[in-house]
Amino acid sequence: MLYLGCHLSSSNGFAAMGETAVKLNANTFQFFLRNPRGGAAKEIKKADVEKYKKIAQENKFGKILAHAPYTLNPCSKDASIREFAKNVFADDLKRMENIPGNLYNFHPGSHVGQGIKIAIPQIVEILDTVMPEAKNTTVLLETMSGKGSEVGSKFEELAEIISQTKINSPEKLGVCLDTCHVYSAGYDIVNHLDEVLEEFDQIIGLNRLQAIHLNDSMTEYNSHKDRHECIGKGSLGEDAVIRFINHPALKGIPINLETPNELDGYAKEISLLREKYQE
Ligand code: FE
Ligand code: FE
Ligand code: ZN
């Protein structure tokens, strides 16, 4: 089963996102629970959620993916920024209980000069505080490109975070693999996809891989940049993306596009990928 969707605006609520997804021929989607810059969260209305659940059920949606605000930095040097991250994270996870059984993705953060040895325990500390809120949600760490001082561009860093947390069963804590980010981080999913997935399996475990961000990249392999490109227009290329979605180890994992598109562009990419997907 191909669970494929894209990032949608949450400004009109869950049912509206569900309806948009159906129009795009998507059966999952990604969204923000609040302004991506970290502002106040919108109220979640019961009737809206009920309406959404019906749409999701009728259209056999896979798990949907909430994305934490970009400003959430669990390993900032500044204690007040870490405190903000903890509060937003905990509040988001409480909100996720309105739509049980779904996924919440976050960036491990940027250590800005503190170094990885200080950053990892800070990320772990926040996770240990907030994870009890995730009663029916799986929290995912996103693979990062390694721009600046980003944590999480190496599988070992994600594995270390996971192993140090107290609540870390694969049902509770997993990974979201971003194709643009891993390629920029130096994992050659164009020429060595099998080997990269084997490495992922050995270091993190493929059972932790629970969501995919499918993006082409504007920058070259190992560039440590984070510039998403439309499918087929970047350094990964259409063939590599198609091989990726058809890889047997990745079947059934919800895939969301974060390509620079409006809805019509997403519809075209979804239709192309569905056409090239082999059941
Ligand atoms: Fe992200
Ligand atoms: Fe991403
Ligand atoms: Zn990105």
Side-chain angles (χ1 to χ4, degrees), residues 3-10 26 28-38 63-76 85 88-89 92-93 96 102-110 123 126-127 137-155 157-158 161 173-187 189 196 200 204 208-231 233-236 240-241 244-245 250 253-261 265-266 269-270 273:
Y3 293 110
L4 176 64
C6 60
H7 188 90
L8 294 178
S9 159
S10 56
T28 178
F29 57 87
Q30 176 176 263
F31 60 98
F32 288 119
L33 282 164
R34 64 182 75 230
N35 179 302
R37 302 269 154 232
K63 290 182 180 183
I64 55 172
L65 179 60
H67 196 302
Y70 294 135
T71 44
L72 191 146
N73 186 2
C75 58
S76 169
V88 168
F89 206 148
D92 276 359
L93 291 179
M96 288 299 288
N102 290 300
L103 309 163
Y104 182 85
N105 172 63
F106 78 104
H107 296 176
S110 295
I123 299 163
I126 289 192
L127 273 171
T137 300
T138 307
V139 173
L140 305 178
L141 294 140
E142 184 168 348
T143 61
M144 303 310 292
S145 66
K147 75 170 181 321
S149 61
E150 265 175 356
V151 178
S153 67
K154 295 191 177 76
F155 295 162
E157 294 171 0
L158 299 175
I161 296 166
L173 189 59
V175 171
C176 171
L177 185 150
D178 185 309
T179 54
C180 165
H181 296 175
V182 291
Y183 192 60
S184 290
Y187 293 100
I189 54 171
V196 170
F200 187 102
I204 298 173
R208 300 259 178 201
L209 182 50
Q210 300 187 52
I212 287 159
H213 284 163
L214 194 70
N215 303 305
D216 211 320
S217 173
M218 275 186 199
T219 60
E220 69 278 17
Y221 168 69
N222 209 15
S223 59
H224 297 283
K225 299 232 168 66
D226 182 359
R227 305 282 308 280
H228 301 189
E229 180 54 286
C230 293
I231 300 302
K233 293 193 179 141
S235 55
L236 274 79
V241 170
F244 184 89
I245 62 166
L250 305 176
I253 300 174
I255 299 174
N256 276 293
L257 297 158
E258 299 178 306
T259 44
N261 273 310
Y266 278 136
E269 290 187 345
I270 289 169
L273 294 165

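Heavy atoms only: backbone and side chains are in, while hydrogens, waters and symmetry mates are out. Note that ligands are numbered from 1 as they come in the structure, with each ligand's atoms numbered from 1 the same way. Predicted model, so just to flag it, every value in this text is computed and none were measured. Throughout, numbering of the chain's residues begins at 1 and tracks the sequence.
- For T28, the side-chain contact (heavy atoms from CB on, under 4.5 Å) partners at least two apart in sequence or on another chain are Y3, I64, P254, N256.
- Distances from the Fe ion (ligand 1) under 2.8 Å pick out these protein N/O/S atoms: H67 NE2, H107 NE2, E142 OE1.
- At least one side-chain heavy atom of S110 sits less than 4.5 Å from a side-chain heavy atom of E150.
- For the atom pair OG of S184 and CG of L236, the computed distance is 8.0 Å after rounding to the nearest 0.5 Å.
- In summary, H228 places an N/O/S atom under 2.8 Å from the Zn ion (ligand 3), meeting the contact criterion.
- Taking 4.5 Å as the limit, some side-chain heavy atom of L140 sits within range of a side-chain heavy atom of L65.
- Between the OD1 atom of D226 and the NE2 atom of H181, the angle centred on the Zn ion (ligand 3) amounts to 90° when rounded to 10°.
- Across every non-hydrogen atom of S145 and S153, the tightest pair is C-CB, 3.8 Å.
- Residues passing the side-chain contact (heavy atoms from CB on, under 4.5 Å) test with A240 are V190, R243, sequence neighbours excluded.
- With sequence neighbours excluded, no residue satisfies side-chain hydrogen bond (donor to acceptor under 3.5 Å, both in side chains) with E157.
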